[in-house]
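Order of appearance sets the numbers: ligands from 1, and atoms from 1 within every ligand. Hydrogens, waters and symmetry mates are skipped; everything else that's a heavy atom, side chains included, is used. It should be emphasised that the depicted structure is a prediction, and the values quoted were computed from it without experimental measurement.
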Amino acid sequence: MSTLPKIHAIKGMNDILPPESARWEWFESIVRQTMTRFAYRNVRTPMLEHTQLFARGIGEVTDIVEKEMYSFQDRADKYGDNDHLSLRPEGTAGVARAAVEHNLLYGGGQRLYYLGPMFRRERPQRGRYRQFHQVGAEALGYAGPQVDAEMILLATELWRALGLRDWRLELGCLGQPDERRAHRAALVAYFEAHADQLDEDARRRLHSNPLRILDTKNPAMQALAEGAPRLLDFLGAASQAYFAAVQDALRACGIGFSVNPRLVRGLDYYNLTVFEFITDRLGAQGTICGGGRYDYLLEQIGGKPAPAVGWAIGVERVLELLKEEGVAVPEPAPDAYAVIPDAAALPQALRCLQALRAHGVAVQMHASADASLGSMKSQLKRADASGARFALIFGADELAETQVTVKALRDGAGAQQRQPLNDVSTWADGLRQRLT
Ligand code: HAM
């Protein structure tokens, strides 16, 4: 018999399987709790958007838009208009679009968060994937340094709740468009004076987006980038005061940070505050969260002007860091495992298990690939391996008396008690109490 060739997942796109998926669920539950504590509400936007949204929002001359998007031309038929579509490489542009499209800021600001997959066609390596996941928070329609500070505090509270310690915060200020224009002119003059040292990418970006040259990954250009004029030196009094207020708020909350005058984010929509949370424990992909203020994005994508600030966390990186730091994540196991050595007991056993579940007891029923039940001994072995605290034994003896044996597998292992099969409510709560 011929076997068909196996089909593999796409490079850089990972399956998230048990038991690893339990770590994801634990992480997600802490995210939800933390967001709720800061009064952020969940938002879900499509994974596919018009390419134009990202080109206009993130910037035409960014690595993400130029090189990393999964894009395609949709068909022209009764369902589509030959549109150019892209899988979302990040979440901010989509959330901003949704806010504009649904007039979400009509009655005031919105604090929103999301959690989901993003797609970038980067070279896969540790901490860098082609499908990766972000948790993002966006405060739309809110101005003022206190909101920037709140956004940063939200991330630090999340690190605390997760038990993460090994992070540092870098802060920068990108000023306002006129300040950036003056800085940009100085940058172009500087790079033009050193044109012989520019690589091909930099030469191409010199006039389209010289700021991106500072973000170069080419080691041969690092020194040149480091000697370039600093945006911080072009900030006017208002931007400087804003930046100082953000820093004061963080100091007041005991949040340590360092100012990085060269903090260049990979997206063009930022102004004023930008920040990154970085760890040294993950090698080259050490940024676990990045964000900043983006007061011009909503206007850029066709909405009314509205201030905004946000960040996104790389979920894979944070989970990896949790492992590196040895943070213990609770491993889920059923409370009880149903041992059913005799097929005659199945109907009554199933009914009893349903009643137990309705009382909040997590029960795993014994099952096998060939429908055979196997011996009591082999089933008890499985019960033990499942991590359950109790085995529920539906044996012939028990059945004869319409009972089930509840056997402790962990604390006080071996202790057992018979309970009535038909009257689960009399003992389910007691069982649950022994579990907590
Ligand atoms: P970003 O810096 O491009 O910002 O991405 C945020 C985080 O996503 C990064 O710090 C990193 O942890 C993670 N990340 C990015 N690319 C990958 C990848 N290929 N594999 C694994 N993790 C990755 C944004 O996306 C902005 N939307 C953040 C934001 C929200 N700014 C304002 N609001």
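Of all atoms in ligand 1, listed by their number and element, those nearer than 4.0 Å to a heavy atom of Gly291 are 31 (N). Numbered from 1 in the order shown, with element, the atoms of ligand 1 that lie under 4.0 Å from a heavy atom of Thr92 read 26 (C), 27 (N), 29 (C), 30 (C), 31 (N), 32 (C), 33 (N). Less than 4.0 angstrom separates some heavy atom of Ala312 from each of these atoms of ligand 1: 6 (C), 7 (C), 28 (C), 29 (C), 30 (C). Listed by number with element, the atoms of ligand 1 under 4.0 Å from a non-hydrogen atom of Thr287 are 10 (O), 11 (C), 12 (O). Each of the following atoms of ligand 1 lies closer than 4.0 Å to a heavy atom of Gly290: 10 (O), 28 (C), 29 (C).
A donor-acceptor distance shorter than 3.5 angstrom exists from the side chain of Arg262 to the backbone of Ala228, with no hydrogens or angles considered.
Counting all heavy atoms, side chain and backbone alike, Ser239 lies closest to Gly175 at OG-CA, 3.8 Å.
By heavy-atom distance, the residue among Glu138, Arg317, Gln134, Arg123 lying nearest atom 24 (C) of ligand 1 is Gln134. Here atom 19 (N) of ligand 1 lies nearest to Glu122 when heavy atoms of Arg120, Arg293, Glu122 are compared. Around atom 31 (N) of ligand 1, the closest heavy atom drawn from Tyr270, Tyr294, Phe132 belongs to Tyr270.
Between the side chains of Ser368 and Asp370, at least one donor N or O lies within less than 3.5 Å of an accepting N or O.
Residue Tyr269 touches ligand 1 through its side chain alone, judged by heavy-atom distances below 4.0 Å. Within the 4.0 Å heavy-atom criterion, the part of Leu267 lying near ligand 1 is the side chain and not the backbone. Counting heavy atoms under 4.0 Å from ligand 1, residue Pro89 does not touch it at all.
For the pair Arg111 and Tyr142, the cation sits on the ring face: its NZ or CZ lies under 6.0 Å from the ring centre, inside 45° of the axis.
Trp159 and Trp167 have tilted rings, their planes meeting at an angle from 30° to 60° on a 0 to 90° scale. Ring geometry for Tyr269 versus Tyr294: interplanar angle of 30 to 60°, hence tilted.
Salt bridge Arg205/Asp63: present, at least one basic N to carboxylate O contact under 4.0 Å.
In this structure, the side chains of Leu48 and Ser86 stay at 4.5 Å or more apart for every pair of heavy atoms.
With Phe243 as the fixed residue, the side chain to side chain contact (heavy atoms under 4.5 Å, CB included) test singles out one of Leu174, Asp148, Leu171, Asp248: Leu171.
Residue-to-ligand polar distances keep Glu276 apart from ligand 1: every N/O pair is separated by 3.5 Å or more. Checking only distances, Tyr129 does come within under 3.5 Å of ligand 1, N or O to N or O. For ligand 1, one of its N or O atoms has an N or O atom of Glu90 under 3.5 Å away. For the pair Gly314 and ligand 1, the shortest N or O to N or O distance falls below 3.5 Å.
Judged by the shortest distance from any of its heavy atoms, Gly266 lies outside the 4.0 Å radius around the atoms of ligand 1. Every heavy atom of Gly136 sits 4.0 Å or more from the atoms of ligand 1.
The shortest contact between atom 4 (O) of ligand 1 and any protein heavy atom is with Arg265 NH2, 2.9 Å. Protein heavy atom in closest approach to atom 21 (C) of ligand 1: Gly127 O, 3.2 Å.
Here Phe234 pairs with His183 under the ring-ring contact (aromatic ring centres under 6.0 Å, His included) rule; sequence neighbours left out.
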